[in-house]
Amino acid sequence: MTVLQIVPCSVSQLLSASKASSDTFALSDLEFNQVSVVGVVRELGPFVKYVQYCLDDMTGPPLTVRQWVNSEDCTPLVFASPGSYVKVIGSLRSSTGERSLQAKHIRVITDLNEITSHMLEVVHAHMQIFKKKFDVNMNITAVPSEDLPSVQGQVLHVIRRGSVRDIGIGFKELQSQLDFLSIKDIKSSLTSLMDQGFVYHTIDENHFKSTDP
């Protein structure tokens, strides 16, 4: 396995990553020991030796983030208040079956374009990782967009047209333009398109954009 130093990830990827060793995790065939995550702070809990955050990027259940107090450093920690967006760089940990992120650096995001930029980095890294997997296992191949099933292709076509806007297209608008499809078919197509790297969330879990407009 190749070990990557810092990998841009979503919370859902961190929660589903397999454990490779005592201090590393793996996505596909690539190990990582440090990650960057962007999300909104839902809760803040200051303790004696660390500050604990509940971080939510709306791709899965919130992730616990702990930033330990350095007793040798007199610089006070700057707390990120609930409701603010932050970028966290740290190491994934697993204890008693619970995943958490040990933060080395937490920075409050003031430019919301950085959120979109991180999402693109996550999608790019995901595609690179799974391209590697396709190269190693010759029996697995990436699916070109033109070879997608009919329903998925129709959903992707509408999303691509709406991707000219920064926020992409909302689910209600998507449903309105695809009123001949059932909600179940649209949702299952969205899940499959995101899993394959064609589509990603923008401002929330109900807005979508194409990775290839």
Side-chain angles (χ1 to χ4, degrees), residues 1-130 194-195 200-207:
M1 283 190 178
T2 302
V3 180
L4 298 182
Q5 291 302 310
I6 300 179
V7 183
C9 288
S10 67
V11 168
S12 63
Q13 287 176 321
L14 297 182
L15 295 176
S16 62
S18 58
K19 196 168 176 61
S21 67
S22 60
D23 59 352
T24 60
F25 291 79
L27 290 171
S28 183
D29 292 325
L30 297 183
E31 292 185 27
F32 61 88
N33 50 28
Q34 291 192 71
V35 298
S36 63
V37 185
V38 168
V40 61
V41 175
R42 297 299 186 193
E43 296 177 8
L44 163 65
F47 293 87
V48 175
K49 295 185 177 181
Y50 61 88
V51 180
Q52 180 168 298
Y53 296 98
C54 181
L55 187 70
D56 185 7
D57 71 350
M58 292 168 285
T59 64
L63 180 69
T64 298
V65 176
R66 296 188 180 95
Q67 186 176 27
W68 292 85
V69 177
N70 186 354
S71 58
E72 298 178 356
D73 187 354
C74 297
T75 304
L77 286 178
V78 178
F79 295 158
S81 58
S84 59
Y85 277 88
V86 295
K87 181 170 185 176
V88 182
I89 295 176
S91 303
L92 188 60
R93 295 287 185 264
S94 181
S95 177
T96 62
E98 179 186 356
R99 296 280 171 94
S100 64
L101 194 62
Q102 182 174 314
K104 294 189 175 181
H105 178 69
I106 297 179
R107 177 172 57 82
V108 176
I109 291 176
T110 55
D111 183 358
L112 296 183
N113 288 324
E114 193 171 344
I115 301 172
T116 303
S117 176
H118 176 77
M119 291 176 182
L120 292 173
E121 290 174 0
V122 170
V123 171
H124 179 73
H126 177 84
M127 293 176 71
Q128 291 300 314
I129 288 170
F130 283 91
M194 285 189 288
D195 287 344
Y200 64 95
H201 290 302
T202 58
I203 58 173
D204 57 33
E205 67 270 22
N206 292 314
H207 284 78

### Task
Check whether any side-chain N or O of S117 sits under 3.5 Å from a backbone N or O of N113 as a donor-acceptor pair, and report yes or no.
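No; zero donor-acceptor contacts below 3.5 Å.
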#### Entry: Donor-acceptor pair, side chain of T59 and main chain of S12, under 3.5 angstrom
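At least one qualifying donor-acceptor pair exists.
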Euclidean distance, [Y] [atom2] relative to [X] [atom1], rounded to 0.5 Å:
X: H201; Y: S10; atom1: NE2; atom2: OG; answer: 9.5 Å
X: H118; Y: C9; atom1: NE2; atom2: SG; answer: 7.5 Å
X: L101; Y: I106; atom1: CG; atom2: CD1; answer: 8.0 Å
X: L92; Y: S100; atom1: CG; atom2: OG; answer: 7.0 Å
X: S95; Y: Q102; atom1: OG; atom2: CD; answer: 11.5 Å
X: L14; Y: L63; atom1: CG; atom2: CG; answer: 6.0 Å

### Query
Under 4.5 Å between any side-chain heavy atoms of T202 and T116, yes or no?
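No; the side chains remain at least 4.5 Å from each other.
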### Task
Please say whether more than 12 non-hydrogen atoms of neighbouring residues, nucleotides or ligands are located less than 6.0 Å from CD in E114.
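Count over threshold, so yes.
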For [X] and [Y], work out which heavy atoms get closest and say how close.
X: M58; Y: I203; result: CE-O, 3.8 Å
X: L15; Y: R99; result: O-NH1, 3.6 Å
X: I6; Y: S36; result: CG2-N, 4.2 Å
X: V41; Y: A80; result: CG1-O, 4.0 Å
X: V11; Y: P61; result: CG1-O, 3.2 Å
X: C54; Y: P62; result: SG-CB, 3.3 Å

### Task
Sequence neighbours left out, what pairs pass salt bridge (charged side-chain N to carboxylate O under 4.0 Å, His left out) with at least one residue falling in residues 45-57?
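Non-adjacent pairs meeting salt bridge (charged side-chain N to carboxylate O under 4.0 Å, His left out): R42-D56.
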### Message
Evaluate V122 against Y200 for side-chain contact (heavy atoms from CB on, under 4.5 Å), listing each step before the verdict.
### Response
CA-CA 9 Å; V122 170; Y200 64 95; over 6 Å; no
### Message
So, using side chain to side chain contact (heavy atoms under 4.5 Å, CB included) as the criterion, who are the partners of S91 when residues are at least two apart?
### Response
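With sequence neighbours excluded, S91 shows a side chain to side chain contact (heavy atoms under 4.5 Å, CB included) to Q34, R93, K104, given in chain and number order.
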